[in-house]
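Supplied in structure tokens, the structure appears directly below.
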Amino acid sequence: MKSAAVIVAAGGGTRAGGEIPKQYRNLGQTTMLTWSVSAFEHACVDPIIVVIDAAHRQFFDVLNLDARSVAGGASRTASVRAGLEALRQDGVDFVFIHDAARPGVSTKILTDLTAALEAGFAGAAPALPSADALKAITEEGAVTQDLNRAGLVRVQTPQAFRYSAIAEAYARAPASNTYEDDLAVARAAGYAVTTIAGDPRLMKATYPEDFAILERLLGETTSHTAGSVRVGNGVDAHRFGVGDHVTLCGIRIQHDKGLVGHSDADAGWHALTDAILGALAIGDIGDHFPPTDPQWRGADSAIFLAHAAKLAREAHARITHVDVTLLCEKPKIAPHREMMRARTAEVLSLPINCISIKATTTEKMGFLGREEGLAAQATATLMF
Ligand code: MG
């Protein structure tokens, strides 16, 4: 699944004080906007659209962000509409809509939001319960109603949507309407939306004192919890035998030999599955799918790879990049490489630019050179 982000940074941010708009002010070592863009970038979200006020272009350009900018509208609703419109040609499946004033985006939040969409919801947002009692009041402050906080939550951003659903919802929303948030736009169009557990670090910077609180929260994030990266590697080899095709990285390739193995003998995906399990430090493919178990005879290795990706999600890890090298004299890999990348991206629910597949020969040396079999090695990078 291909995911994009629309980061709304078109506000004036006057309540936060300061001489420049709050999203361009420093928070620790970098600007508030850069925090958000980096978080999406690290999670392999691409493209990233930043909706800016045209009058702020000088502040945006100097940041040199790996993001496209579009000019926003008079309201947040109009700005989001412009951001979604900018993605029309990108063929994205999911879109995260985010306010630049919430710099504390974590990989876990993006992973959990994606899982909610994959479970069938059109939209999802992080939400926190209120620790304080909630009241309805008049403009003067007189209490008119005690609200039961048990059924109420505070909703944050990023909010995630199926792109087709939210684009359609915005297309149907009257231009004059203003909405509380993007979930409200989706709901108004009749879409089912849900919430996931929110994160206190997603607090919004509104007032000058919020900057100090956020610096402390994000400082702790950097040093203890987020940005933890693990790299796993995997190796596999299978012997050639009688047959008319091989299966490598999910693609069937005609060949004058087959591969011998208990499953479909897809050495590329076996090495990759082991790389993901390695990063999670939870054993190897044989532990999870014993070759002695008859149910895996002739199995499609997509089952193994998808299972490893599921275990990564359950560990709140996000696979950010994989790199597979196939080692053989024949068959030629190059003509099939893009299909292999596309199929691997599909099974892992990752954008294709996070999937590398390469091939090499061993210059006719050794068992690979004698074409007794083929081998693969793989690396997977996971962020926690
Ligand atoms: Mg194998």
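From a predicted model like this one, the values you see are computed outputs, not experimental measurements. Counting starts at 1 for both ligands and their atoms, in listed order.
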| query | For the residue pair I52 and A10, what are the closest heavy atoms and their distance? | reply | C-CB, 3.8 Å
| said: Of all the N, O or S atoms in D236, which has the shortest distance to the Mg ion (ligand 1)? | reply: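 Relative to the Mg ion (ligand 1), the closest nitrogen, oxygen or sulfur of D236 carries the name OD2.
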| I49-F60 co-clustered via ILVMFWY side chain contacts under 4.5 Å | no
| Parallel, tilted or perpendicular: ring planes of Y24 versus H56, cut at 30 and 60 degrees |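 Plane angle over 60°, so perpendicular.
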| query | Under 4.0 Å between a Lys/Arg side-chain N and an Asp/Glu carboxylate O for E168 and R172? | reply |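 Salt bridge: yes.
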| task | Give the name of the N/O/S atom in H270 that lies closest to the Mg ion (ligand 1). | result | ND1
| message | Within 2.8 Å of the Mg ion (ligand 1), is there any N, O or S atom belonging to D266? | response | no
